[in-house]
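Values below: all heavy atoms of this structure, side chains included; hydrogens, waters and symmetry mates excluded. Labels below follow one simple rule: chain letters A, B, ... track the order of the sequence lines, proteins then strands, and each chain is numbered from 1.
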Amino acid sequence: MPYMKGEPMNDNKEMKSDAALEVSRRDFLGTIAGALSAVALVIVADDAVYIASGAEPGAPLPAGGYDPDKHSYVYVIDITKCIGCGSCVRACKAENNVPDLFFRTWIERYMVSRSGEVSVDSPKGGYDGFDPSITGDEITKAFFVPKMCNHCSHSPCVQLCPVGASYRSPDGVVLVDEKRCIGCGYCVQACPYGSRFLNPETKVASKCTWCYHRITKGMRPACVEMCPRGVRKFGDAKALHDEVSEIIATKQVHVLKPELLTEPNLHYLGLSMEVR
Amino acid sequence: MLQESLNFVFPNDFHIMWSLMIVIYPYVTGIVAGAFIVSSLYHVFGRDELKPVGRLSMVASLAFLLIATTPLLLHLGHPERALNIVITPHFTSAMAAFGMIYTCYLTLLTLEIWLVYRKDIIMVAARSRGIKRVIFSVLSLGVYDISEESLRIDHRAIIVLASLGIPAACILHGYVGFMFGSVKANAWWSTPLMPIIFLFSAVTSGIAMIIILYQSLMRLSGQKIIGECVQSLSRWLWLFTIMTVTLEMLEIISLAYKKGEEWLVIGPLLGTKLAFPFIAVQVVFGSLIPIVLLAIVVLMKPFLTNPLRNTIAFVASLILLIQVFAMRWNVVIGGQIFSKSMRGFRDPYVPELFGREGALAAIAIFITPFVLLAIFNKFLPMYETSDEPSGGESA
Amino acid sequence: MDHTKHLWRVVLILVLAGAGAIIGRHFLIPKSFGEQGFYRYDSLGDYMTQPVRHGGDAACAACHKDRADAKAGGKHATVSCESCHAPMASHATTEAKTADMPKNRDMTLCLWCHQKLRARPETMPQIEISEHLAALDPEDAKKADVCFNCHDVHNPSMK
């Protein structure tokens with residue numbers, strides 16, 4: 001509509017009366033505003049694409065010949081086998097340069113007495129092993145539970161991230177875009193499992209990546225690679241005859257805090273009710 | 001039930017991450033929303049007895065709104081990336097709404113104040129010379145029309161804007177409450193009551209702030225405090241305090257009665273770490289005393305002299321400002337005290353004195369709106385030397 | 001006379017500011033944002049290019065076949081070389097050795113797995129260190145590398 005007004009505007013100019021000048025100026029401003037809104041509309045429509053886009057096939061790959069759409073990773077931890085040696089914790093720290101005081105994976109030790117008292121500890125995340133001395137009641141049940149990011153399908157951290165820095169990759173790994181994260185810490189508050197932290201060096205949210213730099217090269221995550229007892233198993237649900245997805249499909253597996261319906265992709269074998 | 005010894009926190013949960021700044025932020029936005037509601041009571045709902053604070057409450061709302069982002073910027077790990085929140089706002093995130101809501105509310109409020117002050121701005125431009133004249137001419141947008149007709153149109157626009165402002169103010173603060181209430185991982189935050197509690201306590205703090213500001217401004221400029229106005233504000237304050245406290249108590253009572261998993265930590269939390277800030281400051285000192293004081297103002301009106309009523313209202317308002325601050329503290333800090341292991345408490349939080357998120361920075365942030373108000377009042381007085389506010393608006 | 005002129009100026013300013021913000025924002029959205037979802041797709045590349053530090057046993061065996069064979073036949077077959085030594089990256093690249101691999105002979109390493117702990121599954125061989133060393137010369141028992149007197153760490157049956 002503003003463009004159609006262009007013709008009479010020229011006519012008015014020729015008349016050169018004050019009133020006409022007034023009108024023409026308003027028309028001119030209107031035209032600019034109209035043109036700008038038209039440009040803005042195009043841009044909005046353009047930007048709206050990224051909001052609407054789910055998973056568009058055919059997008060360029062970030063690097064190498066790896067195709068995230070062809071994988072869907074899963075993870076199983078067998079609690080009955082864990083000896084609490086801490087190899088995974090040390091491996092994770094070394095592989096991912098995890099800052100002191102924080103952990104991308106850690107081991108918890110549970111000791112339950114006959115009276116039902118539960119005591120839990122995780123000194124330095126299990127990095128230096130566990131204290132053998134036991135105090136208190138007779139322990140009737142004791143076990144180790146390795147913890148890490150659950151890489152939930154419906155992750156509260158991804159939902160709550162205000163800038164789209166936390167996301168779930170097409171292959172099912174929850175990651176943080178360290179170049180866009182503003183360091184607000186909302187995702188840290190939102191994670192029910194305590195898997196996230198603000199890295200004091202980079203000032204952005206940080207967490208387990210399932211060693212994304214390794215798994216995209218066909219290697220296993222460092223914690224899985226270094227586990228001496230086969231407690232930790234990493235698999236790909238889109239691969240043929242995958243051992244780990246077979247366990248999830250056929251065995252009695254549990255996830256942590258299932259009532260929150262976050263749908264973790266980390267499953268536990270032999271989980272006990274004391275574990276939160 | 002399992003016995004718990006409350007001594008295990010998740011290794012990443014050892015410290016309290018959201019600091020004093022995140023306490024200040026909802027506190028300040030609460031005052032913004034509350035003060036605006038006061039101005040709407042006058043502009044939209046025709047409470048003429050509130051005319052003396054009609055302008056003050058609007059300008060105070062803007063003054064607090066202007067500094068509302070500062071605590072957030074001081075808290076962010078990467079404040080230089082703060083604009084990401086408007087460049088790529090994630091629509092499933094409550095926090096991403098901030099950019100939109102803040103901008104809309106700021107625009108609306110600025111526009112309303114501009115319309116209310118338009119005649120004054122033009123007068124100042126006409127009276128003064130040099131740079132001041134230029135600035136005020138620009139502020140008037142180069143239109144010097146103060147005819148009856150134009151002022152009448154302004155007045156209609158003000159009512160429309162003020163009406164739009166009510167839901168905007170409610171959304172502004174409701175969303176702050178929602179930000180906490182929607183975190184399902186946190187038992188102390190995760191309740192649908194949270195936005196409502198935030199909203200009511202916001203109005204409480206806003207009215208209390210206006211009572212204090214009004215009385216202080218009048219004292220400072222040696223003008224008469226209009227008793228009707230303070231009386232009416234106190235009545236509203238009493239109502240909103242009662243509703244706020246009721247909601248706050250209902251939340252605790254229902255948690256305690258249901259005794260879900262979360263009560264395993266919240267019970268001991270209220271008994272130990274939050275005993276002082278919650279039970280002593282927020283409930284006993286902060287809620288009971290003002291409710292009684294305001295009841296005296298409201299119910300014993302015929303027996304009170306003007307100065308006595310004003311003083312009681314002033315004291316009750318001061319206590320309520322502390323109550324609302326304690327409430328924000330107990331939500332933000334209290335909600336982080338227990339680890340998500342639900343088996344233990346984190347290291348206690350004591351704000352540092354200096355530093356980006358320290359107590360001094362918080363005090364500086366809180367003082368700034370008063371300075372802004374004083375500057376505003378210097379150029380565009382909220383009160384003329386007479387008791388009545390200056391013209392340009394009629395009820 | 002039209003008395004709404006000032007209001008129209010406000011509208012114009014708002015429209016201009018709004019259009020400016022929308023256009024400005026358009027140029028600030030990073031490349032690859034939204035290609036696969038609400039995030040910057042290139043961020044995956046940032047993660048993929050991170051250096052790998054643990055090489056895995058097969059990588060070690062490429063140069064240390066003797067050790068690998070000894071380990072493969074014994075009870076430490078599932079124990080990764082790097083979990084007792086150090087990540088491969090601190091010792092060699094795919095082409096050449098860059099530094100000596102640390103040899104930590106401290107019993108702490110052994111005890112991480114073999115210290116008797118109540119929470120450890122009973123199938124795991126565990127010792128109470130004072131009982132285990134009781135038969136030894138007390139001077140020997142004090143040494144940090146006492147374990148190596150009797151055990152070959154790569155194939156830890158009795159020597």
Practice prompt. Heavy-atom pairs under 4.5 Å with chain C are the metric here; pick the option from A/R180, A/R168, A/R109, A/M111 that has the most.
Written response: A/R180
Response to the item:
What one should report as the nearest heavy-atom pair of C/Q115 and A/P132 is NE2-CB, 3.4 Å
Worksheet item: Are side-chain N/O atoms of C/S43 and A/Y167 paired as donor and acceptor at under 3.5 Å?
Response: yes
Worksheet entry | For the student: nearest non-hydrogen atoms of A/L175 and C/L44, plus distance | CD1-CD2, 3.5 Å
Item to complete: Search all heavy atoms of A/H213 against all heavy atoms of C/Y47 and return the closest pair with its distance.
Response: CB-O, 3.1 Å
Item to complete: Say whether, by atom type as modelled, one donor and one acceptor occur between the side chain of C/T78 and the main chain of A/R229 under 3.5 angstrom.
Response: no
Worksheet, complete the sentence: Shortest non-hydrogen pair, A/A94 vs C/P87, comes out as CB-CG, 3.7 Å
Practice prompt. Side chain from CB out, backbone as N, CA, C, O: work out which of these in A/T80 comes under 4.5 Å of a heavy atom of chain C, or both, or neither.
Written response: backbone
Item to complete: Please report the C-alpha distance between C/R53 and A/N97 in whole Å, then the side-chain angles of each, then the deciding distance to 0.1 Å, and finally whether the side-chain contact (heavy atoms from CB on, under 4.5 Å) criterion is met.
Response: CA-CA 10 Å; C/R53 293 188 47 79; A/N97 198 14; over 6 Å; no
Worksheet item: More than 12 heavy atoms of other residues, nucleotides or ligands under 6.0 Å from CZ of C/R67: is that the case?
Response: no
Discussion item. Check whether A/R214 reaches the backbone of C/H54 with its side chain - one donor and one acceptor, N or O, closer than 3.5 Å.
Written reply: yes
Fill in: Within 6.0 Å of NZ in A/K70, more than 12 heavy atoms from elsewhere
no
Worksheet, complete the sentence: In terms of heavy-atom contacts, C/V52 and A/E95 come closest through CA-OE2, 3.5 Å
Discussion item. Could you report the tightest heavy-atom contact between C/C113 and A/C85, atom names first, then the distance?
Written reply: SG-CB, 3.4 Å
Worksheet item: Between A/D177 and C/Y39, is a side-chain contact (heavy atoms from CB on, under 4.5 Å) present by the stated rule, with each step listed?
Response: CA-CA 8 Å; A/D177 183 347; C/Y39 60 95; over 6 Å; no
Item to complete: Find the one option among A/P170, A/G129, A/G84, A/S87 whose heavy-atom pairs under 4.5 Å with chain C are most numerous.
Response: A/P170
Response to the item:
Counting heavy-atom pairs under 4.5 Å with chain C, the top scorer among A/G86, A/C82, A/A165 is A/C82
Worksheet item: Roughly how far, to the nearest 0.5 Å, is the CD atom of C/Q36 from the CG atom of A/D69?
Response: 5.0 Å
Worksheet entry | Backbone of A/S169 reached by a side-chain donor or acceptor of C/Y41 within 3.5 Å | no
Worksheet entry | Reported CG-to-NZ distance for the pair C/D46 and A/K179, which is rounded to 0.5 angstrom | 3.5 Å
Worksheet item: Under a 4.5 Å heavy-atom cutoff, which of A/A91, A/G126, A/A142 has the most pairs with chain C?
Response: A/A142
Item to complete: Against chain C, label A/C227 side chain, backbone, both or neither, depending on which of its atoms sit under 4.5 Å from a heavy atom there.
Response: backbone
Worksheet item: Taking it one step at a time, do C/D57 and A/E225 satisfy side-chain contact (heavy atoms from CB on, under 4.5 Å)?
Response: CA-CA 9 Å; C/D57 278 11; A/E225 189 69 41; 5.6 Å; no
Worksheet entry | Spacing of CE belonging to C/M124 relative to NZ belonging to A/K81, to within rounding of 0.5 Å | 13.5 Å
Worksheet item: Where on C/S90 is there a heavy atom nearer than 4.5 Å to chain A: the side chain, the backbone, both, or neither?
Response: neither
Discussion item. If I measure from the heavy atoms of chain A, does C/Q50 come under 4.5 Å with its side chain, its backbone, both, or neither?
Written reply: both
Worksheet item: Between A/A222 and chain C, which part of the residue has a heavy atom less than 4.5 Å away: side chain, backbone, both or neither?
Response: side chain
Worksheet item: Given a strict heavy-atom distance threshold of 4.5 Å, which part of A/K217 is in contact with chain C: side chain, backbone, both, or neither?
Response: side chain
Practice prompt. Specify which of A/V176, A/V163, A/I215, A/V158 makes the most heavy-atom pairs with chain C at under 4.5 Å.
Written response: A/V176
